[in-house]
There are 2 protein chains.
Amino acid sequence: MTSTSERLLDAAQALAQQRGFNAFSFRDLANRLGITNAGIHYHFPKKADLGRALIARYRRNVAEALTEVDRTAGSATDRLKGFIASYADGLRKERLCLGVMLASETVTLPDEVQSEVRSFFAALEDWLTRVLEDGRTAGEFHFEGAAEDEAALVLSTVEGAMLSAWPLRSVKPVQALARFETVMQRFLNGLAPS
Amino acid sequence: MTSTSERLLDAAQALAQQRGFNAFSFRDLANRLGITNAGIHYHFPKKADLGRALIARYRRNVAEALTEVDRTAGSATDRLKGFIASYADGLRKERLCLGVMLASETVTLPDEVQSEVRSFFAALEDWLTRVLEDGRTAGEFHFEGAAEDEAALVLSTVEGAMLSAWPLRSVKPVQALARFETVMQRFLNGLAPS
DNA sequence: GTCTATAGGCAGATAGAC
DNA sequence: GTCTATCTGCCTATAGAC
């Protein structure tokens, strides 16, 4: 009972996270849904429209998921671990974070899509900033200076860990995931109070 | 007095670092050199051949640059800073690290190119491992456990910092660079002995 | 909403002249 | 080594029937 638009976005998201936004066509999408290429243009006139809808929905879904993490996690540490676990999940599902993929494609993306990508990262950083502040107040984390800056470091590390595991994933999925986990565990150790 | 092959690789590298390997064509290359598309196939029969040559040369050039860093730097800290500075340079020149770009394109790349990308990252990690071991021995760095694992963290962080600055770079180059520098300075602080 | 048909352009690649 | 000419195929996108 999901609409064609939603199913199109689901298929587009999977393809974009695996291959990149520029590396799938309306035909790829059409084949997956069992319709023809022309049918898609009814829902998304231009590919840029699809791109904008894609990243906007992704941002909403991630925001919801993080709210759920806030609700269920018992501590700032758990919230941060929940965040990191969602990246590991993506790796298991052969999906790069959509933000990471679109960030690398920045130069070739329509302007509206580019600005959505920036908003997406800004939202992640805002959430991370709150978690880090809460964790520092509670004595769970130790770091110097502004929580905003530490949030930028967290985001850089998790994105970089996922990206550098990505080429390895194609040939050795288990090692790639282990590598990601090791890197992030190491990072978390550095955040622990001494 | 540089050969056409070299000039082709120069142009291809610039385009690949800005737009991605799949986002430039033989025609783009041809236009930049003032020749025609067909002429390129004499030097590189298939695009995969160009890709392999591109990343292989890049790996050699980076290896040379790091050897030069080893030669001129006075300490492990300086060597690590030299490494990080080369990423900042790329950002200033509107170029993403070629490894980062190709890593994100992994799934769509010819197998031979994929394995070159993995070798490239392995070489960086080997170099970083040596620097970290030297620095720890000399008392410049403090970290627990294997230097190999710490090297993976360093690489993840610097790649992620560059990638997350990339979308911002298109609209606010100065802030993007500042952001990269802030993140990496923060990381270096965490490596300092207390 | 989805179809068929088609336009117009660009991709990688090849043959053969010079 | 580089050219012209050309092939084949895929891309985004549109018009108009159902």
Side-chain angles (χ1 to χ4, degrees), chain A residues 1-55 57 101-102 104-114 116, chain B residues 1-55 57 101-102 104-114 116:
Chain A
M1 267 302 140
T2 42
S3 69
T4 302
S5 297
E6 284 299 313
R7 294 176 59 218
L8 280 170
L9 289 173
D10 290 341
Q13 188 179 322
L15 285 164
Q17 289 184 265
Q18 285 157 8
R19 308 174 55 83
F21 181 73
N22 292 314
F24 72 85
S25 69
F26 274 32
R27 269 184 178 76
D28 294 327
L29 251 41
N31 290 342
R32 292 205 173 191
L33 292 224
I35 62 175
T36 62
N37 140 49
I40 300 178
H41 287 279
Y42 170 79
H43 303 277
F44 304 101
K46 316 262 177 194
K47 200 181 178 186
D49 299 321
L50 172 64
R52 194 161 18 83
L54 192 60
I55 177 70
R57 187 188 71 155
M101 189 63 95
L102 296 183
S104 74
E105 293 181 287
T106 294
V107 178
T108 61
L109 294 178
D111 285 347
E112 326 99 80
V113 179
Q114 282 186 44
E116 280 285 350
Chain B
M1 270 301 139
T2 42
S3 70
T4 302
S5 297
E6 284 299 313
R7 294 175 60 219
L8 280 171
L9 288 174
D10 290 341
Q13 186 178 324
L15 285 164
Q17 289 184 266
Q18 285 156 9
R19 309 175 53 85
F21 181 72
N22 291 313
F24 72 86
S25 69
F26 274 31
R27 272 181 177 77
D28 293 328
L29 251 41
N31 290 340
R32 292 205 173 190
L33 292 225
I35 62 175
T36 64
N37 139 50
I40 300 179
H41 288 278
Y42 170 80
H43 302 277
F44 303 101
K46 315 263 175 192
K47 200 181 177 187
D49 298 321
L50 172 64
R52 194 160 20 83
L54 191 59
I55 177 70
R57 188 188 69 155
M101 188 63 95
L102 296 182
S104 73
E105 294 181 287
T106 293
V107 179
T108 61
L109 294 178
D111 285 348
E112 324 99 81
V113 180
Q114 283 186 44
E116 280 285 350

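Lettering of chains follows the sequences in order, A, B, ..., and the numbering in each one begins at 1.
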Colleague: Considering only heavy atoms of chain A and a distance under 4.0 Å, specify the first and last nucleotide of DNA chain D in 5' to 3' order that meet this criterion.
Modeller: D/dC11 to D/dT14
Colleague: Please tabulate, for side-chain N and O atoms in residues 37-50 of chain A, each donor-acceptor pair with protein atoms closer than 3.5 Å (sequence neighbours left out).
Modeller:
{"residue": "A/His41", "atom": "ND1", "partner": "A/Pro45", "partner atom": "O", "Å": "2.8"}
{"residue": "A/His43", "atom": "ND1", "partner": "A/Ser5", "partner atom": "OG", "Å": "3.2"}
{"residue": "A/Lys47", "atom": "NZ", "partner": "A/Phe21", "partner atom": "O", "Å": "2.8"}
{"residue": "A/Lys47", "atom": "NZ", "partner": "A/Phe24", "partner atom": "O", "Å": "2.7"}
{"residue": "A/Asp49", "atom": "OD1", "partner": "A/Arg52", "partner atom": "NH2", "Å": "2.8"}
{"residue": "A/Asp49", "atom": "OD2", "partner": "A/Lys46", "partner atom": "N", "Å": "2.9"}

Colleague: Hey, what do you get for CD (B/Gln114) to CG (B/Leu109), rounding to the nearest 0.5 Å?
Modeller: 6.0 Å
Colleague: Mind running a 4.0 Å heavy-atom check of residues 34-42 of chain B against DNA chain C and sending the residues that fall below it, in number order?
Modeller: B/Asn37, B/Ala38, B/His41
Colleague: Any residue in residues 9-29 of chain A with a heavy atom nearer than 4.0 angstrom to DNA chain D? Just list them by number, or reply none.
Modeller: A/Phe24, A/Ser25, A/Phe26, A/Arg27
Colleague: Taking only distance into account, with no hydrogens and no angle test, what donor-acceptor pairs under 3.5 Å do side-chain atoms of residues 29-36 of chain B form with protein atoms, sequence neighbours excluded?
Modeller:
{"residue": "B/Asn31", "atom": "ND2", "partner": "B/Arg27", "partner atom": "O", "Å": "3.3"}

Colleague: To the nearest 0.5 Å, how far apart are CZ in A/Arg19 and OG1 in B/Thr106?
Modeller: 12.0 Å
Colleague: Please name the pair of heavy atoms, one in B/Ala23 and one in B/Asp28, separated by the smallest distance, quoted to 0.1 Å.
Modeller: O-OD2, 4.3 Å
Colleague: If we ignore hydrogens and angles and just use 3.5 Å, is the side chain of A/Glu105 paired with the main-chain N or O of A/Asn22 as donor and acceptor?
Modeller: yes
Colleague: Could you give the distance from CD (A/Gln13) to CG (A/Leu8), rounded to the nearest 0.5 Å?
Modeller: 13.0 Å
Colleague: On a heavy-atom basis, which atom in A/Asp10 and which in A/Arg57 lie closest, and how many Å separate them?
Modeller: OD1-NH1, 2.8 Å
Colleague: Where along residues 44-53 of chain B does a heavy atom fall under 4.0 Å from DNA chain D?
Modeller: none
Colleague: Say you draw a straight line from CD1 of B/Ile55 to CG of B/Leu9; how long is it, rounded to the nearest 0.5 Å?
Modeller: 11.5 Å
